[in-house]
Amino acid sequence: MAEKDYHPIRETPIPVLPLSVGLVFFAAALTPSLIPREWLLEGVLAGLVAGIGYMVGRLSLTVWRLMELPLPRGRLATAGDAIVLLPAASLALWNLLRAADWQNSVRVRVGMEATDEAHTLRLFLLATAVFLLCLLIGFLVRRLYDLVRNRLDRVMRRRTANVLGLVAVALILIVVTRDGITPALMNFADDSYEAAQDLFDPQRPPPSDPHIAGSVASLVDWGAMGKPGRDFVLNGPDAGDISAFTGRAAKMPIRVYVGRAQADTPEERARIALDEMKRVGAFEREILMVSSPTGTGWLDPGAHDTIEYMHGGDVATVAVQYSYLQSPLALVFDTASGLDQATATMDAIYRYWTTLPAETRPKFYIHGISLGAWSSMYAFDIFQMVNDPIDGALWSGPPFTSDLWRRAVARRDPGSPFVLPRVGNGELFRFASQYAQPGENGDRWGRMRIVFLQYASDPIVFFDRNALLNRPVWMREPPAPDVSPELSFMPVVTQFQLAFDMAVSKHLPLGYGHNYVVDDYIDSWAEVAPPDGWSPAQSARLKAWCGPPSKFGCRAAGS
């Protein structure tokens with residue numbers, strides 16, 4: 001077949017319709033969301049969203065032309081451009097002038113200082129640079145499209161070549177990104193973090209006490225434990241710290257941690273954890289805790305220090321690492337490893353626990369924060385436990401993907417808020433936040449006690465996969481005290497705002513966003529696993545002992 005002459009459609013460098021859509025998206029990106037944004041983050045977000053808006057407009061225009069439908073010309077086209085561009089530009093300018101005030105409406109509710117006067121100018125300049133970069137990327141994609149449809153145009157009708165060229169380029173970009181670039185970056189990040197744990201972690205010698213995990217006598221390799229595991233095993237309160245609070249003799253809490261590098265499979269790591277628990281006498285304690293770490297392997301000291309103080313140190317906790325990625329990344333790209341590890345760990349320990357005499361075995365609780373909460377819930381097999389259930393669970397910052405959490409929220413009583421639901425009479429599920437204790441959501445507990453600790457400003461919890469086109473349920477209700485009343489919904493843009501919020505969900509003062517604090521753990525444990533005779537006065541005393549909110553848990557503040 002003879003080669004056809006191809007002449008690309010002549011158009012202005014930046015067509016007005018796509019630019020107008022980009023300006024509307026830019027304006028919407030400046031509205032507040034759950035997490036306050038510094039000018040750097042807000043500029044990147046606004047520029048990226050403007051680029052996406054431009055792409056949406058450009059794609060619509062391309063599809064229109066591919067269908068060979070008529071376009072306005074002459075004066076009609078000029079008038080149409082003005083009608084579209086002027087309102088979009090006015091909206092963008094108006095929102096830009098309000099951007100700093102909107103951010104401050106979020107900052108004031110989470111205890112942050114107001115942003116400076118240069119905020120608006122900086123974000124505008126950065127957003128412009130990011131938008132231009134998006135245009136450059138779009139130009140390169142357009143050149144690839146022209147190349148592909150030119151080749152196809154030699155062997156088929158032009159309209160067919162145009163459509164197939166568009167589909168081919170889309171598939172190329174999806175495959176390269178999904179199967180090439182993204183997995184490579186995630187594997188590199190995972191491997192690099194594992195190496196960095198050994199490279200930059202000050203090498204502490206293994207514990208000299210043979211009863212501590214990682215010692216010479218231990219089945220757990222100290223070198224494979226990594227920094228999160230070493231910190232967890234060594235930085236908790238000891239018997240002396242706990243005795244100083246309780247005023248009576250206390251036990252040394254047992255903490256077992258198995259690093260991801262310990263063995264190749266989740267089942268092997270779970271078996272080593274179980275054998276180590278047997279070795280150190282974990283099943284002889286009053287409280288047994290299976291805790292699932294975050295993506296990096298971190299365990300919140302505020303959750304574990306507090307229950308150890310409350311129970312006089314008579315607590316044994318086990319955790320097994322499954323990843324090295326930050327939870328937002330692991331949540332998107334590395335979910336299977338966390339779910340597999342939590343399931344293997346829970347199955348091994350629960351099966352052994354059920355073989356012990358019911359009258360002498362420890363009370364069994366599970367805990368997880370962030371991605372650890374999701375994996376812990378996933379491993380919570382009610383069908384396995386129906387005849388011999390565990391005693392309870394505390395899940396803090398449960399990710400929006402958590403099936404059990406979603407089902408519990410879906411059963412909320414009519415009229416109870418989405419961010420703090422009430423489910424039935426509170427015998428099984430209760431929800432808590434920094435503004436509401438779980439004891440307020442029910443009169444009495446059933447056989448098993450489950451508490452979800454969640455802050456309304458936590459995007460890890462309240463991200464909504466349907467927010468691309470639909471307003472999330474919690475945005476239809478009066479805002480919680482830590483959420484800006486200026487928050488509004490716009491299709492597509494709100495989804496990207498919440499996605500950015502997830503990435504910076506811990507960039508807030510303690511007690512907001514994804515930063516859960518000691519006081520709220522104390523109130524939650526007092527409901528889930530209360531010691532005999534524990535009272536609100538004792539909770540208040542422990543809060544005072546632990547001092548102001550700290551990322552180091554309770555021991556650092558109280559000792």
- Task: Taking atom types as modelled, find out whether W445 and E527 have a side-chain donor-acceptor pair closer than 3.5 angstrom.
- Result: yes

- Does E440 come within less than 4.0 Å of R430, counting only side-chain N to carboxylate O? no

- Just wondering, more than 12 heavy atoms not from F500 lying within 6.0 Å of its CZ? yes

Scan the side chains in residues 462-474 for donor-acceptor partners under 3.5 Å anywhere in the protein, sequence neighbours excluded, and list what turns up.
{"residue": "D464", "atom": "OD1", "partner": "N466", "partner atom": "N", "Å": "2.8"}
{"residue": "W474", "atom": "NE1", "partner": "F462", "partner atom": "O", "Å": "2.9"}

- Task: May I ask you to say whether D347 pairs ionically with R351, meaning some side-chain N is under 4.0 Å from a carboxylate O?
- Result: yes

- Tightest non-hydrogen contact, residues R37 and L45, listed as NE-CD2, 3.6 Å

- Carefully, step by step, assess D275 and R279 under the rule salt bridge (Lys or Arg N to Asp or Glu O under 4.0 Å). CA-CA 6 Å; D275 291 343; R279 187 190 73 84; over 6 Å; no

- Query: Between V483 and R109, which heavy-atom pair has the shortest distance, and what is it?
  - Reply: O-CD, 3.5 Å

- Item | Option among V528, L453, I450 that satisfies the side-chain contact (heavy atoms from CB on, under 4.5 Å) test with W395 | I450

- Task: Might you work through the side chain to side chain contact (heavy atoms under 4.5 Å, CB included) test for D391 and M448, ending with a clear yes or no?
- Result: CA-CA 5 Å; D391 293 271; M448 189 162 44; over 6 Å; no

- Keeping to residues at least two apart or across chains, list the ring pair (Phe, Tyr, Trp, His ring centres under 6.0 Å) pairs with something in residues 233-266. F245-Y309, F245-W545

- Query: Going by an N to O cut-off under 4.0 Å, is there a salt bridge joining D314 and K251?
  - Reply: yes

- Given the rule in the side chain to side chain contact (heavy atoms under 4.5 Å, CB included) test, do L542 and M310 qualify, once you have shown the distances and angles that lead to the verdict? CA-CA 8 Å; L542 182 55; M310 294 171 75; 3.6 Å; yes

- Task: Could you pull out the closest heavy-atom pair between L420 and A436, with the gap in Å?
- Result: CD2-CB, 3.3 Å

- Query: Does a donor on one side chain and an acceptor on the other come within less than 3.5 Å for E276 and S218?
  - Reply: yes

- Item | Side-chain donor-acceptor pair present, D520, Q437, cut-off under 3.5 Å | no

- Derivation and outcome, side chain to side chain contact (heavy atoms under 4.5 Å, CB included), residues V258 and M225: CA-CA 6 Å; V258 177; M225 196 179 286; over 6 Å; no

- Task: Return each pair, listed once, that meets side-chain hydrogen bond (donor to acceptor under 3.5 Å, both in side chains) where at least one residue sits in residues 352-367; pairs must be two or more places apart or across chains.
- Result: R361-D388

- Note on the structure: Between C554 and V518 the two heavy atoms that sit nearest each other are N-CG2, 4.1 Å

- Message: Please enumerate all residues that pass ring pair (Phe, Tyr, Trp, His ring centres under 6.0 Å) together with F429, with sequence neighbours excluded.
- Response: F452

- Check: I35 and V106 side chains under 4.5 Å, non-hydrogen atoms: no

- What distance separates L498 CG from F489 CZ, expressed to the nearest 0.5 Å? 9.5 Å

- Is the closest basic N to carboxylate O distance between R269 and D264 below 4.0 Å? no

- Test ring-ring contact (aromatic ring centres under 6.0 Å, His included) on F232 and H304 and set out the steps. CA-CA 9 Å; F232 177 68; H304 297 89; 5.2 Å; yes

- Query: Would you say the side-chain atoms of T306 pair up with the backbone N or O of A303, donor to acceptor, closer than 3.5 Å?
  - Reply: yes

- Evaluate the criterion side chain to side chain contact (heavy atoms under 4.5 Å, CB included) for residue pair F431 and V409; output intermediate values, then yes/no. CA-CA 9 Å; F431 292 78; V409 173; 3.9 Å; yes

- Message: Does any part of the side chain of I307, heavy atoms only, come nearer than 4.5 Å to the side chain of M289, both counted from C-beta?
- Response: yes

- Item | Flag if over 12 foreign heavy atoms under 6.0 Å of CG, N387 | no

- Message: For P414, give me all partners under side-chain contact (heavy atoms from CB on, under 4.5 Å), at least two apart in sequence or on another chain.
- Response: none

- Can you check whether Y455 and Y512 have ring centres sitting under 6.0 Å from each other? no

- Query: Can you name the nearest heavy-atom pair linking Q454 to S433, along with the distance?
  - Reply: O-CB, 3.2 Å

- Message: So, using salt bridge (charged side-chain N to carboxylate O under 4.0 Å, His left out) as the criterion, who are the partners of R449 when residues are at least two apart?
- Response: none

- Query: Does CZ belonging to R476 count more than 12 external heavy atoms closer than 6.0 Å?
  - Reply: yes

- Which heavy-atom pair separates L299 from S291 by the least distance, and what is that distance? CD2-OG, 3.3 Å

- Message: So S292 and S375, do their side chains get closer than 4.5 Å, heavy atoms only?
- Response: yes

- Message: I'd like to check W374 versus P399 (side-chain heavy atoms, cut-off strictly below 4.5 Å). Are they in contact?
- Response: yes

- Query: Taking the side chain as C-beta and beyond, is there a heavy-atom pair between I366 and F364 under 4.5 Å?
  - Reply: yes

- Item | R447, CZ: over 12 other non-hydrogen atoms inside 6.0 angstrom | yes

- Task: Answer yes if the side chains of Y521 and D305 hold a donor-acceptor pair under 3.5 Å, and no otherwise.
- Result: no

